[in-house]
Each structure stands twice: as structure tokens, then as C-alpha cells.
Student: 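After the C-alpha cells below, expect a handful of questions from me.
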Amino acid sequence: MGNGYPIVQLVGLGKVFQGKNNVVKALDNINLTINQGEIFGIIGLSGAGKSTLVRCINFLEKPTSGSVIFDGADLGALSERDLLRARQSMGMIFQQFNLLMQRNALQNICFPLEIAGIPKKEARQRAMELLEVVGLVDKAKAYPAQLSGGQKQRVAIARALATNPKVLLCDEATSALDPTTTRSILNLLREINQKLGITVIVITHEMSVIEEICHRVAIIDQSHIAELGEVEEVFVRPKSKIAKQLVFSGESHIDVFEGEYKCRIIFDGRTSFEPVIANMVLECKTPVNILFADTKDIDGKAFGQMVIQLPNDETGRKRIMNYLNVNGITYEEVKGDA
Amino acid sequence: MLSGAVIKMLGTGILESLYMIFVSSLIAYVIGLPLGVLLVVTDKEGIAPFPALNKALGAIVNFVRSVPFIILLIAVMPFTRWLIGTTLGPSAVIPPLIIGSAPYIARLVESSLKEVDKGVIEAAQSMGASPMNIILKVLIPEAMPSLIIGAAIAVTTILSYSAMAGIVGGGGLGDIAIRYGYYRYQTGIMFVTVIILVLIVQLIQEVGERWMRRADKRL
Ligand SMILES: Nc1ncnc2c1ncn2[C@@H]1O[C@H](COP(=O)(O)OP(=O)(O)OP(=O)(O)O)[C@@H](O)[C@H]1O
Ligand SMILES: [Mg+2]
């Protein structure tokens, strides 16, 4: 996942929208390096500036400050012609698929090849290969209106891959799809990343998308990057407020138990969580109350956290702490407001 | 009433009308289509913004469109005489028909092209499509069903304009209706002419709709 070559670099990137009587600062001093071969996630709440950011990467939106370096070239310094050429090395897919409604699947995939000036016969051949990659050979002649959402996104992915791009930009590519279809599209993206070595940049507002396929993640909040790191790390130890909010959504009900002794156990992928709690209870002979649990299975390992209510007697509490210490399990005591 | 002579005259009228509509529509589209495309792409939200040009074109289009056709017909007579050599007959009606309908066609084309999903245009841009690529491969093909319906409306309008040209001796069905119905009080012939005009309009509309339905892959 990633060979260390910086394929996309954002340097001091800023974007200000000048309205009639207001000014919107959509992005402010964004510094980000995305390495070749990784799946990079960008997550944030609605209006955080995600779409603006991804549109700056291929210069659909011209940044008002800073620069975008793609594969060593400063996009802002390129001529219009070279910029158009550079965009052919960046595929993009969208929430609403954005297929040409008057062209069938095959013709849609041929479209970027026509723009790139590839001869028709060659283009059709390449398009058929891509239909195979996305598993839609039997739908070559189908028009978008005859395809399901998931199938449309597959066609869109094939189309985005047609010109052999180095980077695939995905702006909320699964947000219009049901969970099962979302999963299959994410699997396809992972496959493309692994088999073709294409760098994938995923924009989403859903943490589940990030945990499913991303290697690294940037959390963007109010035009800034609030947190950046390996997905595992951010999941286990979210630092910023927005990261905690995204990772531990639904944590607020701990407040009900205010004043009790509580402890947050963190699962960082080294253990599987079920035996930990069960063994702890058996060994310490002390019952605990699970107040909150948000654990996820990533590649067969347990990630997340669990907040347990500790017994009021001090020995029982100490025994549990000791058990956690001895077994090398990360935990922290939780104060009233968790 | 419908003597052989009258039938022959109506036949000639139909042919003259069809000739005027056909030639005028064709040339009016040659002017109106690019004009409509320009109005869309040079818009400040368009793919090649050029606000000054956009405003100028818009103003010209609005100006011509606000002149009643009957006035335009008379106003361009010197130009027609210079171009065609006469101001009478079907051919002489073609220049005012073109001038009167091209701006209207431009607006029809503009509204059709503006229906094209912004997302699709953005997708094309993300693939490195130039403005010309987008016009030829996205805007026009994607708007085709709507352009076809617009064309049916435009041709119908040109037909009604051409009928108006009868007042200045322009030939065609309108000329017959005015000469017989208005000047000679032969309402029977006028009535038949109007029915023929109605039928032609129906036919154009029907053909347009069928063609549109056949062309539209969203249906
Ligand atoms: N063309 C524009 N003109 C003016 N303001 C804009 C424009 N595009 C985006 N904005 C503003 O910039 C901010 C960021 O928008 P952006 O679309 O990037 O958010 P987002 O994170 O993608 O949100 P969502 O999850 O809803 O798609 C918002 O406040 C938005 O109103
Ligand atoms: Mg967005």
C-alpha cells in the first residue's frame, strides 16, 4: 500500500468562493501528500469542503491559493492543453454516476478514449476489456436508464479507468447506493487498487467506507485538516474532537452513568475483544457492566473501544486494572463526561 | 368551390409553403444553433465563460425577437431586394423568415442545452474534454431529444410566420388565405387553406414527437 512516491501533493491549498455579498472560505491551508498506490480517505461532515478539495486535485476548481502537484507537475503552471492532458491521468467517479444518458455502457466507456484521440476500433476493444474488469460484459449495449445504481457506478468506474489513469478520485461514490451494493463497489475499488496499482482517493462522509478500504485518512473539518493518519491509528486513538465524533458516534449516553468508576478499553488490533472481557470477568471474579461498545472487525482484528463500569469496591477495581496491565491491553480511566 | 384551378392553386401554395419552411428552417438553424450554443457556453456559469460576448449576443437576440414579425418583414425589404432581386414570391420571404426565426431558435437551443445535467459536463471535464469536445460530444447529443422537440416548435413557428408573409405577397398558403379570404371574401377557400395549415402543423408536431421518442435513450 503505497510505495512512497508522492503522486499528489497539496501545498498550502486554499479556496475562497467569492459570492455577491458573502465570502466562503471552503479550504484553508491544506497540506497533504498522497502516495502512489495507497487508498486515501478524506472524510468530513457536510459542507466541510471535501468536494471542493477533490475538485481542486484535478483543477475542476482552481485553487485561490497554494498549489497542486500531480505526478511532479504543478497543475497551476500548466497550459490549458497540458492541463487537459494531465486530467486524462486522473479518473473521477461521482455520487450521481454522471453517465451520458444517450450512450450505452460501451459507448460511455469509449467516451474518454475518443477525447484522448484513440482510434475507434482500439477504443471499443479497450472498453470491452474494462467491462470485463467491472463484471458487466453482458450490459455492453444497455443504456444507463436500464441499469441499476450499482451497475451505473461500475460503468462509471470502467469509464474512469479507460485512459489508464494514475489516480482515481471518488467523490461520495457509494453514497447513493444501498449497503450491499456499497460493499461490492468498495471491493471493486480495492481490487483496482491492488491489481492495477492505481492510487485511489476516496471522499466520503461515512466512517464505514474509510474503515472498509482506506489505508490512510484525513479528517477535514471547517475547511481544515483536523487529523491525518493511518486508519487504524485514527480509529483507535482519535485525537481531535471531530475525529472522536466520527469514530465514536453515539457515545453520548455514557453521561447517564455519571459519577461511577468507568474505564475505556481500547482494541487496537492486537487482540480479539470477546475473550478479553470474558477472561477478565472469570479471572478477576468481578462482574463488570458494559456501558458502551463500538468495535469493528478490520481484516479479522478487533478495533474500537468499549466502556465498562467498574465495581465500586477498590480491590475489584484494582484487580481489573492489573489484569489489563498484565495482558497489555490499552485502557484509560474515564471521567464523568467520557 | 374546389374547381380544378383552385386545387391546382392550393397544390402550388402547399409546395411554396413547404419550400419556404424548409429552406428557412435549414438556414435559420445554421445560424440559430451555433448562436444558442454560444449563449450557453459563454454564460458565466458555462464551460467557456465570456460574459461580454454573452451579454452582447443576448441583447441582439432579444432585440430581434422583440420586433413583431410583420414589422420585420417590411423592415428588411431593402435587404431582400438587394439579395434576391425582388420582394415578392416565396424566395423573397426566406430572408425575413430566417432573420425572424434564428434568434428564436437560438433561445430554444439554449434552453435545451441548459437542461443537460451539470454533473455529466463535469465528468467530461474531469476526463480532459475541451469545450469543443463537450459541445459536440456532450451538450448536443445529450440534449438531442429536447432539440428535436424544439425543432418541431421552431418549424411550426416558421410556418405561421410564412403564412403572415402573405400580406406582402409572399406566396404560399398564407398568401392564398389572405387574397381569397380577406380581399375577395371567398371564405370557403380561406377555410380550406387554414385546414391545410393546421394539418401541416399537426404533421410536424407528430413527426417531431415520434422522432424524439425514438432518439431518447432514457425512455
Ligand atoms: N461554487 C460555489 N460557490 C460558493 N460556495 C461554494 C461553492 N461550492 C462550494 N461552496 C461552499 O464551500 C463549502 C464546502 O463545500 P463542499 O461542497 O466542498 O462541501 P462537502 O464537504 O463536499 O459537503 P457535502 O458532504 O455536503 O458534499 C460549503 O460551505 C459550500 O457552501
Ligand atoms: Mg460534496
Side-chain angles (χ1 to χ4, degrees), chain A residues 51 54-55 57-61 75 78 80-105 107-117 141-147 152 155-156 159-163 165 167-172 176, chain B residues 33 37 40-51 54-55 109 111-151 208-219:
Chain A
S51 294
V54 76
R55 289 162 52 80
I57 294 178
N58 61 6
F59 254 58
L60 281 181
E61 204 78 78
L75 293 186
L78 293 183
E80 189 65 27
R81 238 181 105 93
D82 289 340
L83 177 62
L84 294 183
R85 182 127 347 117
R87 282 195 190 138
Q88 291 173 10
S89 304
M90 289 187 259
M92 188 168 185
I93 57 172
F94 306 83
Q95 180 172 0
Q96 295 306 329
F97 325 120
N98 294 347
L99 296 176
L100 294 153
M101 298 303 282
Q102 307 294 349
R103 286 184 174 222
N104 65 30
Q107 293 165 334
N108 260 286
I109 303 169
C110 285
F111 178 70
L113 297 168
E114 288 169 24
I115 289 168
K141 293 266 151 45
Y143 286 90
Q146 298 154 343
L147 298 173
K152 279 187 229 177
V155 174
R159 184 177 68 171
L161 295 179
T163 48
V167 172
L168 181 62
L169 306 170
C170 315
D171 188 2
E172 303 274 8
Chain B
L33 183 67
V37 168
V40 174
V41 300
T42 60
D43 186 88
K44 64 180 188 310
E45 304 281 310
I47 54 171
F50 192 166
N54 190 270
K55 286 223 174 69
V109 168
S111 84
S112 293
L113 297 186
K114 281 197 166 159
E115 285 168 25
V116 174
D117 187 2
K118 292 267 179 301
V120 177
I121 296 168
E122 186 176 324
Q125 286 173 321
S126 79
M127 294 170 214
S130 65
M132 207 42 146
N133 284 146
I134 294 176
I135 291 167
L136 296 178
K137 290 180 183 288
V138 181
L139 285 177
I140 293 177
E142 287 294 294
M144 197 44 92
S146 173
L147 287 170
I148 292 169
I149 285 299
E209 263 165 48
R210 285 199 186 186
W211 186 15
M212 181 275 283
R213 250 174 277 139
R214 186 172 268 233
D216 197 347
K217 307 302 183 195
R218 290 170 299 184
L219 303 176

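Predicted model only: the values in this text are computed from it and were never measured. Because only heavy atoms are used, hydrogens play no part in the values below, and waters and symmetry mates are left out as well, while side chains stay in. Chain letters run A, B, ... following the sequence lines, proteins first and then strands; every chain starts at 1.
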Student: Examine whether an atom of A:Leu99 lies under 4.5 Å from a heavy atom of chain B, and if so say whether it belongs to the side chain, the backbone or both; otherwise answer neither.
Tutor: backbone

Student: Applying side-chain contact (heavy atoms from CB on, under 4.5 Å) between B:Lys217 and each of A:Gln107, A:Met101, A:Gln102, report the one that passes.
Tutor: A:Gln102

Student: Identify which part of A:Gln88 has an atom lying under 4.5 Å from any heavy atom of chain B, answering side chain, backbone, both or neither.
Tutor: both

Student: If you count heavy-atom pairs under 4.5 Å between each of A:Ala162, A:Ala156, A:Pro112 and chain B, which one has the most?
Tutor: A:Pro112

Student: So which residue, B:Leu219, B:Val116, B:Val138, B:Ile121, ends up with the most heavy-atom pairs under 4.5 Å with chain A?
Tutor: B:Val138

Student: Check whether B:Ala215 gets within reach of chain A through its side chain, its backbone, both or neither, counting any heavy atom under 4.5 Å.
Tutor: backbone

Student: Atom CD1 of A:Ile57 and atom OG of B:Ser126: how far apart are they, to the nearest 0.5 Å?
Tutor: 12.5 Å

Student: Quick one: pull up CD in B:Glu122 and CE in A:Met92 and give me the separation to the nearest 0.5 Å.
Tutor: 5.5 Å

Student: Ignoring hydrogens, what is the shortest heavy-atom contact between A:Arg159 and B:Ala123? Give both atom names and the distance.
Tutor: NH2-CB, 3.6 Å

Student: Could you state the interatomic distance from CG (A:Leu84) to CD (B:Gln125), rounded to the nearest 0.5 Å?
Tutor: 9.0 Å

Student: Quick check for you: to the nearest 0.5 Å, what is the distance between A:Tyr143 atom OH and B:Asp216 atom CG?
Tutor: 10.5 Å

Student: Give the member of A:Glu114, A:Gln95, A:Gln146 that has the highest number of heavy-atom pairs under 4.5 Å with chain B.
Tutor: A:Glu114

Student: First locate atom CE of B:Met127, then atom CG of A:Leu113, and finally report the distance between them rounded to the nearest 0.5 Å.
Tutor: 10.0 Å

Student: Which atom names give the shortest non-hydrogen contact between A:Leu100 and B:Val120, and what distance separates them?
Tutor: CD2-CG1, 3.5 Å

Student: Taking all non-hydrogen atoms of both residues into account, name the closest pair between B:Ala129 and A:Ile115 and its distance.
Tutor: CB-CD1, 3.4 Å

Student: Please identify, among B:Lys118, B:Arg218, B:Met144, the residue contributing the most non-hydrogen atom pairs under 4.5 Å to chain A.
Tutor: B:Arg218

